2 protein chains.
Amino acid sequence: MADPQARLEQMLAKLKSRNFRLTPQRLAVLQILAASTNHPSVEDIYEEVKQVFPTTSLATIYKTVSLLKEIHEVLEIRFTDSSRFDGNKPYPHPHILCLRCGRVLDPELPGVDQLVAAAAACSGYQIVDHRLNFYGICPDCQ
Amino acid sequence: MADPQARLEQMLAKLKSRNFRLTPQRLAVLQILAASTNHPSVEDIYEEVKQVFPTTSLATIYKTVSLLKEIHEVLEIRFTDSSRFDGNKPYPHPHILCLRCGRVLDPELPGVDQLVAAAAACSGYQIVDHRLNFYGICPDCQ
DNA sequence: ATTAAAAGGAGAATGATTATTTATTAATAT
DNA sequence: ATATTAATAAATAATCATTCTCCTTTTAAT
Ligand SMILES: [Mn+2]
Ligand SMILES: [Mn+2]
Ligand SMILES: [Zn+2]
Ligand SMILES: [Zn+2]
């Protein structure tokens with residue numbers, strides 16, 4: 001994972017370049033996403049933002065995260081119950097979810113690009129996105 | 001894809017061995033899943049069953065599909081909007097979804113087992129399941 | 001045929017996500 | 001600075017796939 005501060009600057013620059021405004025609530029969401037390594041849910045972000053801005057609405061978190069998705073500064077990973085978000089690697093990459101504690105991490109897998117290429121080749125599809133999700137029990141929960 | 005009739009027999013045998021009852025509605029759902037190659041949604045199955053048993057409830061389709069999932073005779077693939085089901089290969093395998101027409105097919109990809117093994121090795125997780133989904137535009141829609 | 005358990009049908013409830021409406025706030029012009 | 005305008009936040013209603021509840025019907029075993 002890169003430096004949270006540098007990552008935050010990137011996000012801020014993108015927001016600015018697209019002429020979106022920087023509000024305190026947005027900044028709070030950006031900071032959480034830039035700093036977190038645990039793939040937080042909307043609810044997770046909400047709880048954290050509320051500590052600083054208690055009147056914040058859940059819808060604001062949804063809208064901010066949705067905006068960040070549009071400008072490709074956050075990746076949404078849909079799991080069975082709800083979505084989790086990665087603000088550090090806002091492009092498709094593999095994930096592993098612990099079915100017991102919910103921990104999500106990024107495995108460093110070789111050959112992902114080849115796999116995508118193979119999928120395109122054998123199907124004839126133009127592939128624009130992918131989700132590679134693994135489910136299991138993390139070392140702590142075993 | 002294997003012979004639909006043989007696949008149906010397998011499903012029926014599993015139902016019987018687990019002492020689940022065979023009802024006309026269930027048989028209809030099994031037949032659809034055993035014969036289909038297009039990864040139908042619950043709604044798709046519902047529309048087809050209704051042609052034979054017009055009073056069938058949507059909840060019955062949900063319950064039947066859920067039962068089949070429990071006994072590992074169908075695979076659920078969750079996409080953004082709704083789930084699709086594979087009754088022919090009821091075990092994890094890659095899928096490609098066309099974002100325009102919704103077509104889902106099974107790419108024959110090499111190296112999937114190695115990828116799962118690599119994910120387990122580098123993370124320490126005990127992996128019990130996975131979803132490898134690719135999104136793009138199918139040849140017909142390009 | 002009887003019986004007990006399982007399954008079906010209808011519609012209400014759930015819950016994550018979206019949309020809508022109204023109120024603030026910030027940017028720009030005058 | 002003040003007014004004008006547009007963007008954004010907050011609150012809350014609506015959506016929609018899925019699940020649940022309650023009651024009736026069917027199944028399969030005796
Ligand atoms: Mn990640
Ligand atoms: Mn399949
Ligand atoms: Zn765990
Ligand atoms: Zn298509």
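We name chains A, B, ... by the order of the sequence lines, and we start the count at 1 in each one. Small disclaimer: the values here were computed from a predicted structure and weren't measured.
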**Study point:** Whole angstrom value for the distance that separates P of C:dG8 from CG of B:Leu58
**Key:** 13 Å
**Study point:** Interatomic distance, B:Phe53 CZ vs D:dT25 C1' [rounded to whole Å]
**Key:** 14 Å
Point to revise | Rounded distance [0.5 Å steps], CD in B:Gln51 versus CD in B:Glu48 | key: 6.5 Å
Practice item. Return the nearest nucleotide to the side chain of A:Arg26; candidates are C:dA7, D:dC20, D:dT8. Key: D:dT8
Check your understanding: Between B:Thr23 and C:dG8, is there a side-chain N or O to OP1/OP2 distance below 4.0 Å?
Key -> yes
Point to revise | Verdict with reasoning, A:Cys138 to A:Cys101, per side-chain contact (heavy atoms from CB on, under 4.5 Å) | key: CA-CA 8 Å; A:Cys138 79; A:Cys101 70; 3.9 Å; yes
Review point. Using a cut-off of less than 4.0 Å, is there contact between a side-chain N or O of B:Thr55 and OP1 or OP2 of C:dG9?
Key: yes
Study note, to complete from the structure: 5'-most contact on DNA chain D (nearest-nucleotide basis), B:Asn19 vs B:Arg78, goes to B:Arg78
Exercise for review: Indicate if A:Ile32 and A:Leu68 have the same hydrophobic cluster label, given that clusters are the connected sets of ILVMFWY residues with side-chain heavy-atom separations under 4.5 angstrom.
Suggested key: yes
Exercise for review: Round to a whole Å and report the spacing from CG of B:Leu15 to C1' of C:dA6.
Suggested key: 13 Å
Check your understanding: Of the nucleotides D:dT18, D:dC20, D:dT12, which has the atom closest to the B:Ser82 side chain?
Key -> D:dT18
Point to revise | side-chain N/O B:Ser83 vs D:dT18 OP1/OP2, d < 4.0 Å | key: yes
Point to revise | No-H, no-angle donor-acceptor pair, B:Arg21 side chain to C:dA5 base, under 3.5 Å | key: yes
Check your understanding: Aromatic rings B:Phe79 and B:Tyr135: how do their planes relate, parallel, tilted or perpendicular, breaks at 30° and 60°?
Key -> perpendicular
Check your understanding: Relative to the 5' end of DNA chain D, which residue comes earlier, B:Pro24 or B:Lys63, by the nucleotide with the nearest heavy atom?
Key -> B:Lys63
Check your understanding: Quick one: do the B:Gln25 and B:Thr60 side chains pair a donor with an acceptor below 3.5 Å?
Key -> no
Point to revise | Length of the CG-C1' vector between A:Leu22 and D:dT8, whole Å | key: 12 Å
Practice item. May I have the distance from A:Asp44 (atom CG) to C:dT17 (atom P), rounded to whole angstrom? Key: 12 Å
Practice item. Can you tell me the distance, in whole Å, between the NZ atom of B:Lys16 and the C1' atom of C:dA6? Key: 16 Å
Point to revise | Sugar-phosphate only, base, or nothing, as touched by B:Ser66 at under 4.0 Å among non-hydrogen atoms | key: nothing
Check your understanding: Given D:dT26, is OP1 or OP2 found less than 4.0 Å from the side-chain N or O atoms of B:Gln25?
Key -> no
Practice item. Calculate the interatomic distance between A:Arg84 atom CZ and C:dT17 atom C1'; express it in whole Å. Key: 17 Å
Exercise for review: Round to a whole Å and report the spacing from CZ of B:Phe79 to P of D:dT18.
Suggested key: 13 Å
Study note, to complete from the structure: Walking DNA chain C from its 5' end, the first of A:Tyr62 and B:Thr60 to be reached, judged by nearest nucleotide, is B:Thr60
